[in-house]
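Every chain is numbered from 1, with letters handed out A, B, ... down the list of sequences.
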Amino acid sequence: ACGEKPASTPAAKLPAAVTIAAISYTYQGKPTFNGLSQVVINQGWLEGELKKNGVALNWLPVPTSVGGPLINEGFAAKRIDFAGYGDFPALIAKSGGVDIRAITSSGQGNNAYLIVRKGLEAKSIEDLKGKSLAIHRGRPWELTLAKLLDSKGLKLSDFKIYNLNPQAAYSALAAGKVDAVFTLSEAILQEDKGAGTIIWSTKSNPEWKMRTGLFARTEFTTQNPELTQTVVNAYIKAAHWASQPENRAAFLELASRGNNPTSVLERDYANEGGDWNDHFSPIIDQGFVAHFDDVSKYTFENKLVQKEVATRNFIDPTFVNKGIDELGLKGFWKETPVTGPVQ
Amino acid sequence: MTLKTLNLNAFKPVWLLGLIPPVLFLLWWDHEAAKGGANALAFVSLAQVSQALADMLASGELGLSYGSSLGRALSGLLIGGGIGTLVGIAMGLSKPVEWAASPIYNSFRQVPILGWLPLIGLWFGSGDLSKLIIVALSAFYPTVLYTFEGLKQVEARLLDVGQIYRLNGWQTFWRIQWPAALPSIFTGLFQALAFTWISTIGVELLFSSGAGLGALMQQAQLQARLDIVLVCILFVGLTGFAINFLIKRLSQHVLSWRSIRA
Amino acid sequence: MTAFKLFPPEVLVSPTAVIAAFGEVITTGELQRHLSESLTRLAGGFTIGASLGLLFGLALALSKTVERLFGPTFQALRQVPVLAFIPMLILLLGIDEVFKIVIIAKAAFFPVALAAYDSVKGVPKSYFEVSSLYRAPWWVLISKILIPATVPNILAGVRLSLTRAWLVLVAAELIVADSGLGQMMEMGRQMFRLDIVMVGVIVAGVIGFALDRLFQLLQAHALRWKTA
Amino acid sequence: MDYVPHSQIPGHKSRQTGAVSLKGIKKQFNFKDRELKVLSEFSLDVQPGEFVSIVGPSGCGKSTLLRLIAGLDDTYDGTITLDGQRVAGTSLERGLVFQDHRLFPWMTLEDNIGLALTNRNIPKDAKAKLVADHIALVGLKGFEKAFPHQLSGGMAQRAAIARSLVNEPKVLLLDEPFGALDALTRVHLQTELQRIWLAQGSTMIMITHDVEEALYLGDRVVVMQANPGRITHTVDVNLPHPRDRASPVLHKLKDEILAELTHVPEPSNPVVRLIKGDDQ
Amino acid sequence: MDYVPHSQIPGHKSRQTGAVSLKGIKKQFNFKDRELKVLSEFSLDVQPGEFVSIVGPSGCGKSTLLRLIAGLDDTYDGTITLDGQRVAGTSLERGLVFQDHRLFPWMTLEDNIGLALTNRNIPKDAKAKLVADHIALVGLKGFEKAFPHQLSGGMAQRAAIARSLVNEPKVLLLDEPFGALDALTRVHLQTELQRIWLAQGSTMIMITHDVEEALYLGDRVVVMQANPGRITHTVDVNLPHPRDRASPVLHKLKDEILAELTHVPEPSNPVVRLIKGDDQ
Ligand SMILES: Nc1ncnc2c1ncn2[C@@H]1O[C@H](COP(=O)(O)OP(=O)(O)OP(=O)(O)O)[C@@H](O)[C@H]1O
Ligand SMILES: Nc1ncnc2c1ncn2[C@@H]1O[C@H](COP(=O)(O)OP(=O)(O)OP(=O)(O)O)[C@@H](O)[C@H]1O
Ligand SMILES: [Mg+2]
Ligand SMILES: [Mg+2]
């Protein structure tokens with residue numbers, strides 16, 4: 001009898017639960033999420049808000065090694081509604097026909113590093129021509145490498161490329177079986193351990209950083225705009241918390257539950273002339289859009305995806321803009337926001 | 001007097017011989033670790049390992065991860081092994097089932113888990129259930145194979161006796177085919193044991209992260225914390241050995257009727 | 001037409017998409033390249049691993065000394081994933097083919113060794129007695145008595161070890177490789193090309209099935225005395 | 001001679017049933033690419049409650065014959081009937097003592113014998129008593145819990161005899177049941193078998209290589225020859241049971257049968273007639 | 001009687017070696033939680049080239065004894081020597097025909113027999129000829145390629161005999177070798193065994209349940225009793241070989257031995273003395 005009328009009360013329309021997937025690590029036997037997701041959890045605000053509407057909150061911890069595919073498949077299977085992950089896999093899913101979109105940014109992005117083995121006299125990527133270079137193919141930072149190579153007029157074929165997963169790459173570097181590894185911030189840790197020397201990083205070219213953000217299933221956002229807004233607001237609140245200089249130590253402690261100790265994170269986060277809060281800006285700004293334009297073009301041209309993704313269908317800044325308004329945080333982060341939907 | 005010495009001899013700890021290879025290995029290991037340089041990154045000193053062990057025990061991290069992995073491995077073994085035995089029995093006893101199931105079984109068996117991941121994720125999510133399914137699958141394959149082979153090997157001359165005494169299907173199975181196949185079934189169980197352990201560790205890397213030795217090891221590797229990796233290996237190896245030992249005991253008891261070389 | 005409408009077509013790819021992907025990877029020569037790489041690795045690693053496993057398993061079953069010395073290590077080690085030893089292996093073996101082959105060989109080694117050990121341990125004493133009576137040398141004991149007596153169980157071990165070898169091959173190709181079926185599937189997955197993953201699944205399944213049939217024929221041949 | 005039909009022997013419980021009839025049995029094995037004719041035009045009628053002994057050279061098809069009657073093998077030509085009913089498959093009415101003991105290695109002696117009672121609808125303790133009685137009968141008390149590999153050859157054979165007797169089948173087929181027994185145990189078990197036969201009135205068909213035994217127990221002794229297996233001679237033993245082993249009649253018959261058995265061209269080296277696999 | 005030492009029998013190739021000596025043999029099995037005494041203070045001296053027959057009740061330890069001499073089991077007390085050398089392990093000098101045939105089911109008849117020659121350093125075709133000759137000897141021509149399950153009980157037993165003979169061991173131990181054979185084949189093989197024994201001058205120890213056979217072949221017949229297994233009687237057969245089966249001497253000895261074998265308390269139901277597993 002209840003199902004006769006199309007349910008008009010909002011409560012009846014609401015899903016039983018919201019599921020958010022995010023890259024996570026295991027810390028002392030329990031999953032700890034990467035970046036802001038863990039802050040959202042710790043703040044407890046989102047869970048409380050959802051509970052008020054009778055909606056449960058599920059977190060899906062995803063290990064780094066299989067993060068992209070697992071999240072993409074989860075989106076396709078409608079098992080997850082939101083995910084915090086990287087530009088490249090999200091774009092691949094979108095191109096593959098999974099309707100998702102970026103609804104917040106997670107700051108300026110992640111650094112990539114080029115580390116060479118001990119005893120190798122190389123000062124720049126050009127010096128590595130003809131040498132062996134390890135990278136894990138298909139992972140987001142491959143784009144960064146491509147841009148670096150492009151800028152120097154080099155090609156992948158100028159090197160002896162080894163497709164190694166990060167663990168193996170570090171071992172190979174330490175053992176001197178490869179000359180260089182192109183990877184994320186763990187490079188700093190490897191350098192500390194004496195496995196090699198970092199000769200280049202995106203700190204010199206911040207625009208090439210890999211970008212991450214919060215992505216949402218479009219179907220979900222259109223059916224449940226209020227819930228989506230709540231989730232986005234939670235992330236904005238988390239970003240706001242993390243942006244406070246007095247929370248810096250606390251944030252780094254949270255982050256250090258991942259792969260890198262605080263000492264490494266300090267250096268990775270050491271900002272090149274910017275402010276601490278730039279790291280967490282949720283704003284979808286011109287830089288973010290431009291980055292995705294780039295990624296979209298590169299992946300299509302290199303036949304990594306079959307269909308080119310139109311960025312305007314892929315990025316939806318309305319929630320984040322509204323959230324910043326609602327929370328009275330306009331002007332807290334300095335980038336110029338994109339106004340209105342990307343068209 | 002003589003009897004006493006004899007008894008002592010009987011209790012001579014020959015099993016201590018089994019400690020020789022691991023001890024030699026550890027000595028070599030420590031030696032390599034002491035060399036420093038690139039070696040230091042692949043080998044960590046035993047002192048560091050014991051320190052890590054103490055730390056991990058103290059923080060409760062090891063207990064949590066270990067408990068979680070052990071639980072997964074054992075339930076996978078139980079479920080996969082149980083279903084595997086049933087399927088193996090069905091295939092071994094019924095020709096039509098064999099014809100129908102064997103091609104599917106034999107080709108599915110050869111498909112790397114990697115290929116199934118999208119589907120398993122789709123159907124069962126990427127949580128503990130999916131992990132359990134993969135672990136159970138790894139126990140399923142060997143048990144099916146060995147149960148089936150065990151039943152196929154039952155001698156016709158013994159089945160003749162069952163016919164003479166008009167045993168019905170169930171009686172024939174329970175009194176003749178099952179005991180005759182048991183040695184083989186146990187071999188399958190021993191195989192399954194190793195596979196469940198290995199896939200327990202592996203599967204923790206494929207689906208959602210959480211407590212488990214596999215996750216712990218993976219992360220430790222990225223952190224270049226080989227001492228943690230080694231502590232995990234130690235626990236995986238020793239536990240595997242212990243479970244193996246228990247099943248061996250059980251099999252020796254159950255198969256005591258065999259006249260085999262001591 | 002996808003049978004399960006329940007599932008989004010991106011995930012459960014339609015047969016036509018798979019066939020199309022098949023055509024694609026064959027015309028580009030990708031499949032052939034990956035396959036030949038994988039099969040070469042598999043052949044090398046599996047042959048080495050399985051034969052050493054057979055020998056070791058027999059030695060373990062036949063010699064009390066070997067059993068006492070290596071039994072416990074064997075039982076513990078066979079349950080430890082090779083994954084844990086990657087840094088050491090890379091240090092010792094580098095990252096080229098040798099590394100992959102060793103990893104595959106390790107995976108193939110243990111199931112055969114265990115099968116040989118366990119089934120030879122179960123060989124009736126009476127067979128050993130006849131052999132001892134005619135003082136058959138160890139190679140005759142092994143080749144003419146123990147192996148025929150345990151064919152189904154050892155071959156089951158070999159078949160399992162082939163499965164493991166496939167599995168680990170893919171895993172090894174994930175750790176380090178630019179080519180190979182596993183790499184193809186992994187890249188397919190990374191690129192959300194589940195049609196290519198399915199191509200990999202089908203190829204692996206068919207080849208595995210064919211190899212498995214081969215073993216079954218071998219077994220039927222070895223057991224022809226039962227029905228002849 | 002003063003032959004007394006066994007049905008009139010005092011103590012012989014007469015049964016109306018248990019008539020085994022074999023007509024024109026032909027049996028061959030595929031042997032390599034050829035056909036090995038094992039039984040050819042074999043016919044035999046056994047009366048209810050009759051004791052028939054079969055003697056014949058090694059490999060002439062005696063065991064094969066018993067397997068056919070037992071219903072273990074139905075790939076033959078001709079008909080086998082029990083009380084007019086065509087034999088199809090095995091039945092608890094037809095017991096068989098195999099030439100090799102065929103005890104299950106994973107069962108104790110007790111369980112091996114108990115197995116024969118699995119499908120008999122009698123209470124558990126009655127079963128236990130039956131088993132215990134039969135273990136005692138064959139002199140294996142104290143070995144109830146022994147596994148077959150712990151028994152001597154003769155002990156295993158006795159266990160197999162006990163297993164087949166415990167069931168009281170209407171027709172009992174025995175394939176050299178006493179072959180591995182010493183003289184004394186043998187005499188004891190012959191006597192027991194005879195006693196049981198007389199008491200139960202069952203039909204017995206026994207293969208033996210001991211002509212004396214065949215004559216001592218049998219109402220009739222069937223002499224077979226090989227290539228292909230066939231009956232060359234049938235000797236009626238018209239003496240009442242139990243018999244005197246020293247009876248001159250038996251001695252005379254023994255010499256007769258032994259002569260018959262030795263009267264074969266190349267007897268010591270039975271050449272096998274291997275026929276090309278045509279469908280003649 | 002006109003006994004001729006076999007070394008003086010025409011055609012008997014005398015050997016200086018092949019003396020088997022058993023002294024104070026004690027053997028027990030762990031049976032459940034108790035100890036089963038099988039042999040107790042068993043002593044026997046066998047001369048080089050002598051033929052010793054052993055008779056005794058089922059389960060008295062005869063097979064166990066042969067296993068000890070063959071070197072298949074060394075968990076016993078006492079000493080066993082061959083030509084003064086303590087027996088340790090098996091040796092090609094000591095052949096054994098098992099009570100059960102123990103052919104390998106996956107080998108053809110030919111290969112089963114050939115197995116005995118694996119360790120003999122003779123050319124391949126000589127081996128093949130030896131095998132073929134022995135197959136003919138036991139009357140199995142035409143079955144060279146047969147697998148054991150295709151053989152009848154008696155055929156398998158003959159194959160096992162061939163396997164042990166092909167090796168020409170110095171000492172041949174036979175455990176009821178002719179038990180499953182018909183009278184004729186049996187006589188033939190007895191004759192052949194005797195011929196081989198005379199020609200090779202080997203030492204033979206044969207277990208049999210057939211007292212006539214024991215007497216016909218043996219220089220000496222050892223009578224055993226059970227619980228624990230021991231020698232109760234030894235009968236010298238002082239007749240030249242080959243003997244006349246009808247010889248009254250043999251008949252007299254037979255009656256004597258049978259009387260000996262029957263002279264046991266509760267003979268038909270050998271009660272086993274199970275001794276508590278204390279350390280006596
Ligand atoms: N492995 C064993 N474990 C326990 N008891 C055994 C074992 N082997 C033999 N026995 C016991 O030893 C005794 C002697 O056995 P053995 O086979 O020597 O008898 P046997 O004289 O050859 O008898 P048969 O004439 O029946 O062959 C038997 O009571 C048997 O139960
Ligand atoms: N499964 C089989 N395949 C082929 N030939 C067989 C098979 N079983 C028996 N035979 C052959 O059939 C013939 C008769 O065998 P059977 O066992 O009936 O002989 P038997 O009269 O019982 O001899 P024995 O007295 O030696 O036991 C033999 O030549 C044997 O080789
Ligand atoms: Mg027979
Ligand atoms: Mg015996």
Could you measure the distance from the CZ atom of R186(D) to the CG atom of D210(E)? Nearest 0.5 Å is fine.
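One finds 8.5 Å between CZ of R186(D) and CG of D210(E).
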Might you point out which heavy atoms bring [X] and [Y] nearest each other, and give the distance in Å?
{"X": "D182(E)", "Y": "P57(D)", "result": "CG-CA, 3.4 Å"}
{"X": "S58(E)", "Y": "R158(D)", "result": "OG-NH2, 2.7 Å"}
{"X": "L261(D)", "Y": "L184(E)", "result": "O-CD2, 3.7 Å"}

Would a distance-only check, ignoring hydrogens and angles, find a side-chain to backbone donor-acceptor pair under 3.5 Å from H209(D) to G179(E)?
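Side chain of H209(D) to backbone of G179(E): no pair is present.
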Any idea which of A183(E), A146(E), G61(E), A180(E) has the most non-hydrogen atom pairs under 4.5 angstrom with chain D?
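With the most close heavy-atom pairs to chain D, the winner is A180(E).
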Checking heavy atoms, do the side chain of A156(E), its backbone, both or neither come under 4.5 Å from chain D?
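Neither part; nothing is under 4.5 Å.
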